[in-house]
There are 2 protein chains.
Amino acid sequence: MANQVPGTQSFSRSIGLLQHICDRATPPNLQNLLEECAFTRPTLYRLLAGLEAENLITQTRDKRFKPGVRLINMARTALTQSDIRDISREALIKLRNQTRETVHLAVPSGEGLVYIEKIESLETVRMSSTIGTFVPLHSSGVGKAYLSALPEDDLAAFLRDADLRPITRFTTTDASRLRTQIMTCRMQGFIFDNQENEEGIACFGAAILDDQLRPIGAISVSVPLFRLNEDESHYSAPLLECVRGLSGGIG
Amino acid sequence: MANQVPGTQSFSRSIGLLQHICDRATPPNLQNLLEECAFTRPTLYRLLAGLEAENLITQTRDKRFKPGVRLINMARTALTQSDIRDISREALIKLRNQTRETVHLAVPSGEGLVYIEKIESLETVRMSSTIGTFVPLHSSGVGKAYLSALPEDDLAAFLRDADLRPITRFTTTDASRLRTQIMTCRMQGFIFDNQENEEGIACFGAAILDDQLRPIGAISVSVPLFRLNEDESHYSAPLLECVRGLSGGIG
DNA sequence: CAGAGATGTCCATATAATGGACAAAGATTT
DNA sequence: AAATCTTTGTCCATTATATGGACATCTCTG
């Protein structure tokens with residue numbers, strides 16, 4: 001969170017501000033930002049002016065700040081250039097067909113993962129649904145699957161430092177319980193997540209590994225609880241087949 | 001393009017670099033960037049380190065730089081917070097149903113417009129298709145429609161300064177011809193664009209106005225040439241109805 | 001219309017960003 | 001295998017840049 005890289009303070013501040021504006025449920029005005037961010041008034045003005053000049057934010061009529069469309073344009077190219085996404089699409093579609101449920105592909109971003117692909121039925125899918133959504137490592141199938149593929153040192157560091165905040169009332173917030181789950185995942189190659197990230201949704205997750213067995217992302221199958229098949233292997237078998245097909249072949 | 005806003009040089013540089021990395025067809029390495037951008041070696045290193053620390057870019061194994069997934073996450077919120085998109089969705093679907101053709105919604109970004117919504121058939125639509133794509137003002141239906149709704153001063157300034165580069169071999173590259181087309185659009189409320197932005201695709205565009213009659217975006221109906229209906233009003237009538245319904249009601 | 005609060009700008013200062021110059025690591029030649 | 005060249009990465013003095021205290025202006029409210 002702090003400014004690790006020397007010589008980039010102002011950039012880091014600007015991006016932090018942009019992120020804050022993006023994260024707000026409702027577009028903030030200057031007052032809000034002054035209170036919520038630790039910037040002095042002139043600094044805030046400058047940062048905002050810089051962001052606006054780059055079309056990264058826009059002002060509404062009533063002087064509120066919203067994310068700008070430049071971001072959407074940049075994101076398009078980011079998605080286009082994501083080779084893991086291209087490579088895995090076919091396999092994801094197959095997995096969706098086998099399980100008949102929604103499948104997601106997530107890759108690391110910051111402290112967690114971000115969904116970069118979603119395959120559901122043949123209905124309209126667009127970015128606003130879930131592509132681009134951030135998911136914490138501790139509360140999601142993809143997250144725990146990813147954790148389970150991390151080297152022991154990194155996992156230990158995560159469990160020590162992470163903020164295991166509850167996302168739903170089912171979220172695991174206890175580090176040792178989380179470790180147990182992760183160990184189970186290491187054993188069986190996948191994890192079952194019961195409503196930890198979204199109430200009413202269970203989910204099976206498994207990691208995609210590169211040729212050095214380091215995780216590069218994770219795949220999940222999400223199932224509405226009411227229609228969850230008793231037989232776990234109905235989901236886990238195709239899922240494992242899917243990630244095995246992808247692992248090693250990427251990067 | 002130059003750094004207009006004082007006190008934001010380094011930020012502007014960083015974003016410029018990010019944009020350049022996004023724009024590259026193939027991920028650049030350090031060497032490429034050094035040649036293509038006007039940065040000294042140490043500066044480039046710093047900017048890259050800053051971008052990477054913020055997850056805005058990632059390095060591939062072979063030291064090439066690609067856009068990072070943080071962008072996708074931010075873009076999601078940008079789309080979510082776009083009220084024009086929410087407000088117009090219903091009307092766009094209706095327009096698609098009436099014309100049976102693909103419809104787009106575009107809003108200003110930088111020198112041109114960016115598509116922020118697309119409604120085609122009931123087939124899968126995802127961001128990588130066209131949402132997020134930048135379109136120039138002079139070569140597209142949405143662009144010219146937008147121009148036609150600009151105050152005369154702004155239009156004149158655009159025609160004077162703009163770089164009317166050909167996008168296809170049908171693109172209007174002559175300012176006075178462009179003005180004629182725009183005047184036609186002002187008269188009839190919509191514009192017909194014949195393959196100027198994409199070969200084989202014709203398109204009808206019309207602007208959405210706010211309550212002060214300033215353009216806030218534009219809508220287009222795109223038709224593959226081979227199935228273009230002779231009767232223009234087949235497209236223009238629903239299009240005009242659509243933008244009239246939306247204009248004034250936004251902002 | 002006075003007072004309080006919010007909004008916007010200036011500019012001296014400190015510090016963060018800059019880039020010339022050097023070092024280290026790889027590649028290529030003799 | 002040594003020598004030379006090329007590429008890649010880092011240091012640090014310098015200065016231009018970003019910073020924020022202070023002041024000006026505009027906007028409510030009683």
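Worth saying up front: this structure is predicted, and the values here are computed from it rather than measured. Naming: A, B, ... by sequence-line order, numbering from 1 per chain. Heavy atoms only: backbone and side chains are in, while hydrogens, waters and symmetry mates are out.
Of the residues in residues 33-44 of chain B, those placing a heavy atom less than 4.0 Å from an atom of DNA chain C are B:Thr40, B:Pro42, B:Thr43, in numerical order.
Distance, A:Glu52 CD to C:dG8 C1': 14 Å, rounded to whole Å. Distance A:Arg13 CZ to C:dA16 P: 9 Å, rounded to the nearest Å. In this structure, A:Asp62 places its CG atom 13 Å from P of D:dC28, rounding to the nearest Å. One interatomic measurement links the two molecules: CD of A:Gln59 to P of C:dT7, which rounds to 12 Å at whole-angstrom precision. Regarding A:Arg46, its CZ atom lies at a distance of 11 Å from the P atom of C:dA17, rounded to whole Å. Between A:Gln9 atom CD and D:dT19 atom C1' there is a gap of 8 Å when expressed in whole angstrom units. Between A:Leu30 atom CG and C:dT9 atom C1' the separation is 13 Å, expressed in whole Å. B:Tyr45 places its OH atom 18 Å from the P atom of C:dA21, with the value rounded to the nearest Å.
Residue order along DNA chain C, read from the 5' end via each residue's closest nucleotide, puts A:Lys63 first among A:Lys63 and B:Leu47.
In this structure, A:Thr60 contributes its side chain and A:Arg64 its backbone to a donor-acceptor pair below 3.5 Å.
Scanning all heavy atoms of the two residues, the minimum distance from B:Phe65 to B:Pro27 falls at O-CB, 3.5 Å.
A salt bridge does not link B:Lys66 with B:Glu52: none of the charged nitrogens is closer than 4.0 Å to a carboxylate oxygen.
With A:Val107 as the partner, the side chain to side chain contact (heavy atoms under 4.5 Å, CB included) test is satisfied by one option alone out of A:Ile208, A:Ile84, A:Leu113: A:Ile84.
Remark: the A:Thr171 side chain and the A:Ser139 side chain contain no N/O donor-acceptor pair separated by less than 3.5 Å. No side-chain donor from either of B:Glu117 and B:His104 sits under 3.5 Å from a side-chain acceptor of the other.
Distances shown here put a side-chain N or O of B:Ser10 below 4.0 Å from the OP1 or OP2 atom of D:dA18.
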